[in-house]
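In what follows, a structure is listed as structure tokens, so that the remarks can point back to it.
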Amino acid sequence: METPRGIHDILPDETPKWQGLEALIREFAARYGYREIRTPPLEHTEVFQRTAGETSDIVEKEMYTFQDRGGRSLTLRPEGTAGVVRAYLEHGMAAWPQPVRLFYIAPMFRYDRPQKGRYRMHHQFGGELLGAVLPAADVEVLSLPIRLIQTLGLTEVMVRLNSVGDQKCRPRYIEALREYLRPHRDQLCADCQRKLEVNPLRILECKEPACHRIVEGAPRITEYLCDECRAHFEEVKQRFGLLAIPYTEDPFIVRGLDYYTRTAAEIHSGRLGGAQHQILGGGRYDGLAEQLGGPHTPGVGFGLGIERLMLVLEAEKLAIPTATRAAGLDIFVAAVGAPAEQEAFRLLDRLRTAGLRAVGETTDRGLRAQMKQADRLSVRFAVILGEQELSGRQAGVRDMRAGTQQDVPLDQLVSYLTTAAANGA
RNA sequence: GUGGCUGUAGCUCAAUCGGUUAGAGCGCUGGACUGUGGCUCCAGAGGUUGCGGGUUCAAUUCCCGUCAGCCACCCCA
């Protein structure tokens, strides 16, 4: 038996990295006033169908969808925003003080062909700011992961910005784009010919050389933005300048999800070898709540790929800060002989109750083997209990770093070790 | 979903032209050191050669299928 394709275990040697990164993420979320939300990994299929867009790749071919025993269609979440907005509506967060700032660190599921940096289950750190219309909101949300990334020390990151307009101006642009593309229809790749009718925006992202050449001469969405969208985009850019965050404007990013309006943002790393160099995607989604049947609710957010971020950290040889003290052990209790083992068993309980981290021998190997075990566990102290020690109501305490050893009375052991472990920790 | 490369011990890898008992290092267990870790030496355990089928006297080796990883697409985080 093994894990399903593209889905992996995270083993104890790896979890400290995750915990360190998560701790830093939580710290940054807190600094920006974002509170954690935990939505279920499973939603009604409609939640994603109605928001991501019927013609999006996610809905068309990447969702893990199945029927439960009651015949309902459920889907493992392919992205985080729709579920958060669903929760916002379901729990009447519109009645909370606005705007509402939320974040999550959660697994996402997409039925893609796996590759390095692309998995069927991956984790995203997402932030959502709901109930805020102004451009300042867009820049606030996006600045959070950007500052986080900078703190981690990432160097070659590119922030790309675009505006995809709104319900008023986007349809006009789509028509203009279609009109421009129609005469070139025969030169487009098969996929794009299909997209021409269904979703011409996505042709902009096509990397097929032929399509790309045609797209070069296509009208730019920025030329079709309505006054409100134009002003919004201008202020977003101005505020990126205010924070001195470098970015490039990219008229061809449209994002794979249909719910985006106005601001669309991506962050790429130049240090990732493979094709999976995008580490963040995000933007504004003012129409999403309505698509879920709720009242108009402006929102803006991002999703940051944790696995991809870790790949970049590795590629740039950057250390992940360890937020808490290492999960290492303080003490190993070695025992020789049955009476000593009984005493050791009781001692372990006392040590742990006193807040120390201690393990003992669980088989009955010789002292030599037990000391070897203590060494490999990298404990600070080994406590040795045998017949000699027991008869004197004391124990040998060996400092594993110094290689020194002394006898300590049993009734003073806990306080002795508590003090000793605290010193020079 | 399309095309390609690769799967040998827990890990990293070897095994001649298809040839008889599939090896090494690290790691693990034990011993030298009967109650004291690290260093050294010795020994041991550990394998359905990813899985299934085919060709052959004989398959880790050749062929087909399948599963998984990787690479390029598609797309995305």
Side-chain angles (χ1 to χ4, degrees), chain A residues 1-8 11 13 52 55-63 77-81 105-126 145 149 189-192 194-195 202 205-209 211 253-257 265-269 272-282 301-312 332 334-337 340 361 363 365-390 395-405:
Chain A
M1 291 299 284
E2 43 192 62
T3 54
R5 186 172 202 192
I7 297 180
H8 303 286
L11 301 178
D13 281 350
T55 60
S56 67
D57 274 54
I58 284 185
V59 171
E60 272 187 348
K61 54 182 200 189
E62 290 176 7
M63 294 204 305
R77 72 176 155 223
E79 60 96 26
T81 305
I105 302 170
M108 305 293 161
F109 303 84
R110 290 183 200 171
Y111 195 85
D112 248 359
R113 182 123 168 208
Q115 226 174 290
K116 195 181 186 71
R118 193 177 68 186
Y119 311 101
R120 288 189 172 175
M121 175 178 132
H122 74 280
H123 296 78
Q124 283 186 26
F125 161 42
I149 282 168
C189 69
D191 204 29
C192 285
R194 193 176 62 87
K195 287 179 190 163
R202 325 236 28 236
E205 295 180 308
C206 188
K207 279 133 205 152
E208 202 68 40
C211 302
I253 67 175
V254 298
R255 309 289 305 130
L257 304 165
E266 293 181 354
I267 295 181
H268 297 256
S269 166
L272 250 34
Q276 271 63 49
H277 39 67
Q278 187 182 336
I279 58 177
L280 175 144
F302 67 87
L304 175 74
I306 309 264
E307 283 85 351
R308 292 217 179 145
L309 181 58
M310 284 182 170
L311 283 175
V312 183
F332 184 92
V336 180
E361 178 66 2
T363 54
R365 294 183 287 189
L367 183 57
R368 178 174 195 78
Q370 295 186 50
M371 291 303 288
K372 205 170 177 179
Q373 189 62 217
D375 186 52
R376 268 177 304 210
L377 290 170
S378 301
V379 297
R380 302 271 324 280
F381 300 99
V383 173
I384 297 152
L385 281 170
E387 275 177 50
Q388 295 164 28
E389 287 80 4
L390 226 47
V397 174
R398 185 172 180 82
D399 184 321
M400 296 298 279
R401 285 184 206 161
T404 57
Q405 186 169 331

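Numbered from 1 within each chain, the chains take letters A, B, ... in sequence-line order.
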Say you pick atom P in B:A43 and the same atom in B:U49; how far apart are they, in whole Å?
27 Å
Quick one: which of B:G37, B:U36, B:G69 gets closest to the side chain of A:Q405?
B:U36
Over how many whole Å does the gap from A:K61 atom NZ to B:C75 atom P extend?
7 Å
So what's B:U6 paired with, Watson-Crick or G-U wobble, going by both distances under 3.5 Å?
B:A68
Under 4.0 Å between any heavy atoms, over every strand shown, what does A:A334 touch: base, sugar-phosphate, or nothing? Just pick one.
nothing
Closest approach to the side chain of A:P114, judged atom by atom: which nucleotide of B:U29, B:U36, B:G69 is it?
B:G69
From NZ of A:K372 over to C1' of B:G30, roughly how many Å is that when rounded to an integer?
8 Å
Whole-angstrom distance between B:A22 and B:A45, as gauged at atom P
14 Å
Check this one for me: any side-chain N or O of A:R376 less than 4.0 Å away from OP1 or OP2 of B:G27?
no
Side-chain N,O (A:R113) to OP1/OP2 (B:A68) below 4.0 Å
no
Just say parallel, tilted or perpendicular for the rings of A:H268 and A:H277, cut-offs at 30° and 60°.
tilted
Which of B:C67, B:A32, B:A77 is nearest the side chain of A:R368? It is B:A32
Roughly how far apart, to the nearest Å, are B:G27 and B:C13 at atom C1'?
14 Å
Minimum side-chain heavy-atom gap A:F332-A:V383 below 4.5 Å:
no
What is the distance from CZ of A:R118 to P of B:G69, rounded to the nearest Å?
12 Å
Distance check needed: B:G69 P versus A:Q276 CD, whole Å only.
14 Å
Complementary nucleotide of B:C39, counting Watson-Crick and G-U pairs under 3.5 Å
none
Taking 4.0 Å as the cut-off, does a side-chain nitrogen or oxygen of A:R202 come that near to OP1 or OP2 on B:C76?
yes
Does OP1 or OP2 of B:A72 have a side-chain N or O of A:Q115 closer than 4.0 Å?
yes
Between atom CD in A:E361 and atom C1' in B:U29, what is the gap in whole Å?
13 Å
NA contact type, A:G6, heavy-atom cut-off 4.0 Å: base, sugar-phosphate, or nothing?
sugar-phosphate
Can you find a side chain N or O atom of A:Q278 that sits less than 4.0 Å from OP1 or OP2 on B:A77?
yes
Taking donor-acceptor contacts at under 3.5 Å, does the side chain of A:R398 reach the base of B:G37?
yes
Could you state the atom-to-atom distance from CG of A:D57 to C1' of B:C75 in whole Å?
5 Å
Work out how far the C1' atom of B:A14 is from that of B:A72, and round it to whole angstrom.
30 Å
Can you tell me how far P of B:G1 sits from CE of A:M63, to the nearest Å?
16 Å
B:U60 pairs with which nucleotide, Watson-Crick or G-U wobble, both distances below 3.5 Å?
none
Over all strands shown, is A:E2 touching base, sugar-phosphate only, or nothing at heavy-atom distances under 4.0 angstrom?
sugar-phosphate
Look through every strand shown and name the nucleotide pairing with B:U20 as Watson-Crick or G-U wobble, where both distances are under 3.5 Å.
none
Give the rounded distance in Å between these two atoms: CD of A:Q388 and P of B:U36.
10 Å
Just checking A:G386: base, sugar-phosphate only, or nothing, at a heavy-atom cut-off of under 4.0 Å?
base
Considering only atom P, compute the distance from B:G23 to B:G31 and round it to an integer number of Å.
27 Å
Taking B:U55 as the reference, what is the distance to B:U6 when you measure between their C1' atoms (whole Å, please)?
23 Å
Is any side-chain nitrogen or oxygen of A:R5 closer than 4.0 Å to OP1 or OP2 of B:C67?
no
Between the base of B:G35 and the side chain of A:E389, is one N or O donor paired with an acceptor at under 3.5 angstrom?
yes
Could you give the distance separating B:G25 and B:A15 at their C1' atoms, to the nearest angstrom?
15 Å
Look at the side-chain N and O atoms of A:R110 and state whether any lies under 4.0 Å from the OP1 or OP2 oxygen of B:A77.
yes
Classify A:H8 by what it touches in the nucleic acid, base, sugar-phosphate, or nothing, heavy-atom distance under 4.0 Å.
sugar-phosphate
Kindly compute the distance separating CG (A:L304) from CD1 (A:I149), expressed to the nearest 0.5 Å.
5.5 Å
What's the shortest heavy-atom distance between A:M400 and A:V379, and which atoms?
CB-O, 3.6 Å
Under the criterion side-chain contact (heavy atoms from CB on, under 4.5 Å), which of A:Q124, A:R77, A:H122 is the partner of A:P107?
A:R77
